[in-house]
Amino acid sequence: MAKETIKSNLKILSASLLLLISFLPTLCFAQDKLPITWAYATSTYGSYSVSRTYDNKLSTYWRGQNSTYWWLSFNLKSSQPLSKISIYWHKTSGSTQYQILGSNDNQNFTPISGILSSAGGSTNPQLKEYLISGTYRYVAIEIFKAQNNRYPIIYEVELYGGTSQDTTAPTGTIKINNGTSYTSSSAVTLNLTATDSGSGMGEGAQMQFSNDNSTWTAAEAYATTKSWTLPSGDGQKTVYVKFSDAAGNWSEAVSDQIILDATKPTTPIVTDDGVTTSSLNQLHARWSSSDTTSGIGEYQYLITQDSTSGTVIIGWTSVGTATEVTKTGLNLTADKSYYFAVRAKDKAGLWSNIGYTDGIKAVALVAPQAVSITPSSGSGPADTPVDFTTLYSDGNGYEDLTFALLLINTSINGSNGFYGYYNRSANRLYLRNNAGNKWLGGFAPGSGGIIQNSYAKIDCSKTTVSGSGDNLSINWNITFKQAFNGTKKCYLYTKDNSGAKTGWKQKGTWIVGGDTTPPVGIIKINNGDNYTGFVNVTLNLQAEDEEGGSGLDKMQFSNDNINWSTPEDYADSKTWDLFADDGDKTVYVKYSDAAGNWSEAYQDNITLDTVSPQISSVAPVDGSFGLEGYVVSLYVGVDDNNLCPVEYQYSIDGQIVQSWLTIPFYHWNSQGEGIHAIKFEVRDLSGEDSREVEIYLAKEPIQPPY
């Protein structure tokens with residue numbers, strides 16, 4: 001029989017049973033030589049038959065053929081308790097690697113010794129004796145290596161048995177479902193192990209079970225697994241087991257615990273962001289669910305189009321235990337509705353029913369427009385009515401507009417001027433009071449109401465509103481008072497139902513009365529920043545003309561208060577170039593009104609720094625080595641002209657741990673054995689630099705693998 005065929009038939013049951021090399025204190029054997037009825041060998045050299053190994057003659061022997069593996073099996077006719085085996089080897093043709101095995105069916109063999117050796121004998125034959133245990137019908141000698149590369153030779157094999165007196169109980173363990181913490185089914189598998197150094201856990205060994213350590217099942221043959229049913233009802237369960245060896249010695253009860261959770265989580269309650277969304281590339285939802293026994297272990301969501309059973313946009317996706325998600329990178333279709341489905345799984349593996357949102361409709365965002373005012377410029381005496389027609393539009397139709405505003409004043413200021421408000425949904429007109437903190441009126445266009453403050457009034461009976469398509473038109477009948485003399489600016493503002501706003505847009509000017517007083521104003525460079533990295537800056541401007549004045553008209557600029565730019569129309573911002581050299585810079589501005597009155601020069605300062613910081617050194621350096629759990633200090637050295645502050649950012653394994661602070665160091669409480677990527681970044685207003693290194697963390701102080 002081939003070596004491979006023999007090995008496949010062995011089905012070795014356990015490698016943990018070792019040869020009893022010395023006498024065991026709990027075993028006392030009355031040894032009797034057992035008769036061998038026949039034997040089998042995988043190979044025999046010539047006439048040196050395996051039958052010579054049990055002919056009670058030390059002058060005859062078995063000799064194996066040339067091979068790398070040999071197997072000898074001895075039949076005792078019936079199962080016998082074993083106590084000893086004696087093997088008479090040739091002193092120079094023995095084995096350097098073999099073991100003893102036992103079986104009761106000549107198919108499934110169990111090792112009853114470790115790996116042995118007969119090498120080094122001084123007499124011929126050379127006797128090797130071993131105390132063994134267990135009850136077997138067949139005993140095998142498995143030879144892996146021959147001594148001195150010769151054929152193995154055995155003169156005689158003797159087997160001894162006797163009645164064992166085993167008083168020591170076995171030891172064992174139990175694991176429910178291989179030691180998992182939770183189960184959703186009361187039907188479980190018990191994984192069992194038991195060992196016994198005496199009579200063993202073979203034929204005659206038993207086990208019994210209990211759910212309460214009081215009521216036990218009937219004893220049954222020992223096995224390594226057992227199907228078992230836990231008591232009903234969610235909660236923690238305990239299963240007990242006791243083992244007995246072949247001699248009938250019962251162990252103490254051992255146990256394992258598991259939590260039974262047969263109740264699925266509650267159906268998630270899922271909400272999205274409302275009826276519509278103007279974003280066509282992302283959707284957001286949040287949800288809640290609960291499981292009182294094992295807790296929620298995972299959520300999954302799914303997104304469909306048109307209905308809860310419609311086209312799947314995003315398949316089932318796990319978010320761990322997060323209770324909301326913002327899914328980006330989508331390509332939604334305007335006027336289509338989208339639905340979230342969410343399911344929850346508890347730690348026992350049970351899924352909840354699916355919860356759904358009620359759908360959210362994607363709408364294309366079309367920003368509203370503040371279009372025009374007519375007339376866009378001109379003048380008129382105080383106390384004389386003037387009709388101004390303002391036009392607003394929205395690509396989703398004029399009905400999408402929420403309100404429309406008209407502000408006439410020297411600046412965007414709702415006090416001490418004309419600030420009109422039309423609420424489209426309510427169809428009402430309002431005017432701001434003198435202080436700019438309260439709306440007056442609330443009359444419908446075409447009604448007989450008059451709304452006024454100290455500077456202007458609206459005649460609602462002569463004010464009309466019309467809408468068509470995308471356009472909303474308002475004809476305001478306004479009378480300015482003497483207190484409002486001067487040049488004014490006309491601003492429009494509107495907002496739609498999605499919340500999109502136009503902001504204030506200047507669309508015209510209007511002059512009431514005369515003016516001899518110059519404006520006053522301020523200037524801020526880059527909104528008052530102290531530093532800039534670029535010669536090109538933005539001047540943020542604000543000026544006012546006196547109440548009743550002609551209104552702001554022109555402005556001009558200088559870098560030295562000597563050489564001035566050409567006057568240009570007043571605006572609230574201006575792009576400007578500083579003198580090129582780094583250092584402190586000053587920009588000057590003057591304002592004029594429509595009557596030609598120029599203000600004094602106003603100024604602001606800023607420091608110009610066009611030199612970017614450069615990393616000169618970092619710590620730790622690339623290839624550094626450290627111990628996990630210790631503090632690693634990250635530090636960056638830079639070369640810079642130091643005209644403006646430098647900021648520092650640190651990232652570890654792609655995650656930012658310190659974001660843009662003026663602190664050049666960070667102390668990292670290191671964790672995670674292995675290689676870690678550290679990124680150092682520095683910047684100031686003129687630019688930035690970065691560097692990356694890798695360090696190695698180990699649990700023990702060993703050399704890193706570089």
Side-chain angles (χ1 to χ4, degrees), residues 15-16 173-183 191 193 236 254 256-259 261 291 293-301 317-329 344-349 612-640 645-684 687-706:
S16 62
T173 65
I174 177 175
K175 289 187 179 296
I176 307 173
N177 285 354
N178 270 322
T180 57
S181 299
Y182 305 96
T183 178
N191 306 100
T193 64
Q236 182 169 283
V254 292
D256 191 27
Q257 294 178 331
I258 196 168
I259 294 176
D261 182 0
D291 186 273
T293 303
S294 61
I296 301 299
E298 180 187 7
Y299 288 106
Q300 291 184 356
Y301 73 91
T317 303
S318 175
V319 291
T321 56
T323 56
E324 66 177 303
V325 68
T326 299
K327 179 58 181 175
T328 59
K345 184 172 72 172
D346 62 23
K347 294 177 182 177
S612 301
Q614 302 294 316
I615 295 178
S616 59
S617 62
V618 297
V621 298
D622 194 36
S624 296
F625 167 73
L627 292 179
E628 178 188 13
Y630 286 75
V631 174
V632 177
S633 295
L634 313 183
Y635 172 78
V636 177
V638 299
D639 291 329
D640 190 45
V646 176
E647 294 181 325
Y648 304 82
Q649 177 168 282
Y650 300 91
S651 302
I652 298 175
D653 296 329
Q655 297 296 318
I656 296 174
V657 295
Q658 175 176 298
S659 177
W660 298 122
L661 299 176
T662 56
I663 303 172
F665 55 84
Y666 174 78
H667 299 302
W668 174 39
N669 293 317
S670 66
Q671 56 184 342
E673 182 182 13
I675 296 175
H676 295 272
I678 301 177
K679 185 176 182 180
F680 305 85
E681 298 176 88
V682 299
R683 72 179 184 186
D684 65 9
E688 60 184 76
D689 189 18
S690 65
R691 185 176 299 179
E692 296 187 15
V693 304
E694 287 186 343
I695 67 171
Y696 184 85
L697 297 179
K699 290 184 179 295
E700 302 293 339
I702 62 174
Q703 291 297 321
Y706 294 109

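Among residues two or more places apart in sequence or in another chain, the side chain to side chain contact (heavy atoms under 4.5 Å, CB included) test is passed with Ser294 by Tyr182, Asp261, Asp291, Asp346, Lys347, Ala348. For Phe665, the side chain to side chain contact (heavy atoms under 4.5 Å, CB included) partners two or more places apart in sequence, or in a different chain, are Tyr635, Ile663, His667.
Using a 30° and 60° split on the angle between ring planes, His676 and Trp668 fall in the perpendicular class, above 60°. The aromatic rings of Phe625 and Tyr696 sit parallel, their planes meeting at an angle under 30°, below the 60° perpendicular limit.
Between Asp622 and Glu694, the shortest heavy-atom distance links the atoms OD1-N, 2.6 Å. Here the closest non-hydrogen pair linking Ser612 and Asp684 is CA-OD1, 4.1 Å. Across all their heavy atoms, Ser690 and Glu681 have their closest contact at CB-CG, 3.8 Å.
Using a 4.5 Å heavy-atom cutoff, the side chains of Tyr299 and Thr323 are in contact. Within the 4.5 Å cutoff, side-chain heavy atoms of Pro620 are placed close to those of Leu634.
Of the possible polar contacts, none joining the Ser624 side chain to the Ile695 backbone as a donor-acceptor pair under 3.5 Å is found. Thr662 places no side-chain N or O within donor-acceptor distance of the main-chain N or O of Glu647, the cut-off being under 3.5 Å. Side-chain atoms of Ser670 do not come within 3.5 Å of backbone N or O of Glu628 as any donor-acceptor pair.
With rounding to the nearest 0.5 Å, the separation of OG in Ser318 from OH in Tyr301 is 10.0 Å.
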CA sep, side-chain torsions, deciding dist, call: Trp660, Tyr648, side-chain contact (heavy atoms from CB on, under 4.5 Å)
CA-CA 5 Å; Trp660 298 122; Tyr648 304 82; 5.7 Å; no

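Defined by atom type and a distance below 3.5 Å, a donor-acceptor pair is present between the side-chain atoms of Glu298 and Gln300.
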